Amino acid sequence: YDIQFFLIDGQNNTLVQDKVSFTVSPEAVIAHPIAHSKAFPHARSYLYYFAMARQSEKIQDWENAEAGYRRAYEANPDYKQGLVDYAGFLFKVSKFDLSLDLIERLQGDTEMRFQYFLTKGRALMGKEQYPEAIDILQQGTELYNSDTSLLNSLGFCYYKNCDFENALEVLKASLALNPAQDEDKARITEKQKNKIRSLFLITHFDSTNTQ
């Protein structure tokens with residue numbers, strides 16, 4: 001919106017006038033990729049496409065988001081962070097094979113090792129290849145063990161692989177790092193934790209009785 005201000009004296013003469021613009025939005029921070037696009041050299045237009053793709057992703061416009069990521073990636077396949085974002089988006093929309101194919105381009109890249117392990121591990125989790133996902137995600141924790149996204153994924157894989165003790169340990173570590181997390185994520189994680197605890201206690205009780 002634009003607002004014009006006028007300071008008028010008693011004779012209705014305009015003494016000062018000014019104009020300001022403002023935006024009304026439910027978002028706390030608003031990106032303006034279109035407004036800044038002119039500042040991008042043509043050779044860096046891929047940054048504009050990535051920015052537009054992220055904005056589409058935020059409003060869950062999956063079709064335009066995927067098209068934007070694809071266009072940005074094709075414009076500069078060597079932009080590593082963009083590749084990670086694109087692969088992460090593909091995981092979000094359950095295109096796990098495409099996510100795996102893309103993230104493999106970063107295999108052996110020393111700068112992006114953690115992102116490689118996190119993205120590949122989650123894509124394998126999506127494909128329900130839990131033992132393989134556990135191996136990859138564990139390598140990620142050796143680099144950085146304070147990422148709740150990785151810990152939640154690893155805990156879920158342990159659970160699906162019937163390793164309830166490690167599942168409990170990992171999910172507790174995730175909640176200890178961020179007890180609130182996102183409200184929905186915290187609720188899901190807590191539900192998983194309680195279910196895992198119950199199953200672990202049952203299996204432990206059965207094995208004790210058998211002995």
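Because the structure is a prediction, the values reported are computed rather than measured. Values below: all heavy atoms of this structure, side chains included; hydrogens, waters and symmetry mates excluded.
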- Item | Backbone of D163 reached by a side-chain donor or acceptor of N161 within 3.5 Å |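 Answer holds: no.
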- Verify, without hydrogens or angle tests, whether S56 (side chain) and M52 (backbone) share a donor-acceptor contact under 3.5 angstrom.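 Yes, the answer is positive, given that a donor and an acceptor are paired below the 3.5 Å cut-off.
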With rounding to the nearest 0.5 angstrom, report the [atom1] to [atom2] distance, [X] to [Y].
X: K160; Y: Q129; atom1: NZ; atom2: CD; value: 14.5 Å
X: N152; Y: C157; atom1: CG; atom2: SG; value: 11.0 Å
X: D18; Y: L7; atom1: CG; atom2: CG; value: 11.5 Å
X: Q55; Y: N64; atom1: CD; atom2: CG; value: 12.5 Å
X: L154; Y: I136; atom1: CG; atom2: CD1; value: 12.0 Å
X: Q115; Y: L143; atom1: CD; atom2: CG; value: 9.5 Å

Check this for me: does any side-chain nitrogen of one of [X] and [Y] sit under 4.0 Å from a carboxylate oxygen of the other?
X: K127; Y: E132; result: no
X: R70; Y: E66; result: yes
X: K80; Y: E111; result: yes

- Take L124 and K120, measure what side-chain contact (heavy atoms from CB on, under 4.5 Å) needs, and give me the verdict at the end. CA-CA 6 Å; L124 289 169; K120 182 174 181 177; 4.1 Å; yes
- Step by step, would you call Q81 with M112 a side-chain contact (heavy atoms from CB on, under 4.5 Å)? CA-CA 8 Å; Q81 186 57 55; M112 309 296 286; 4.0 Å; yes
With no hydrogens and no angle check, do the side chains of [X] and [Y] hold a donor and an acceptor under 3.5 Å apart?
X: N178; Y: T148; value: no
X: E74; Y: Y49; value: no
X: R122; Y: S99; value: no

pair [X]-[Y]: side-chain heavy atoms closer than 4.5 Å:
X: L90; Y: Y69; result: no
X: L83; Y: I103; result: yes
X: V93; Y: F89; result: yes

Over all heavy atoms of both residues, which pair between [X] and [Y] is shortest? Give the atoms and the distance, please.
X: R113; Y: D109; result: CG-O, 3.1 Å
X: L118; Y: L137; result: O-CD2, 4.1 Å
X: A133; Y: G121; result: CB-O, 3.4 Å
X: L151; Y: V170; result: O-CG1, 3.0 Å

- What pairs meet the ring pair (Phe, Tyr, Trp, His ring centres under 6.0 Å) rule with one or both residues in residues 112-135, with sequence neighbours excluded?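 Sorted result for residues 112-135: F114-Y144.
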- Query: Does CZ in R71 sit with more than 12 non-hydrogen atoms of other residues, nucleotides or ligands closer than 6.0 Å?
  - Reply: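 No, not enclosed.
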- Dump the intermediate steps for ring pair (Phe, Tyr, Trp, His ring centres under 6.0 Å) on Y79 and Y46, then the final yes or no. CA-CA 9 Å; Y79 179 44; Y46 63 92; 5.2 Å; yes
- Task: Tell me, with the steps shown, if F91 and F96 meet side-chain contact (heavy atoms from CB on, under 4.5 Å).
- Result: CA-CA 5 Å; F91 165 78; F96 308 121; 3.6 Å; yes
- Message: For a side-chain contact (heavy atoms from CB on, under 4.5 Å) check, start with the C-alpha distance between Y158 and E169, then their side-chain angles and the critical distance, and finish with the verdict.
- Response: CA-CA 10 Å; Y158 276 134; E169 181 180 347; over 6 Å; no
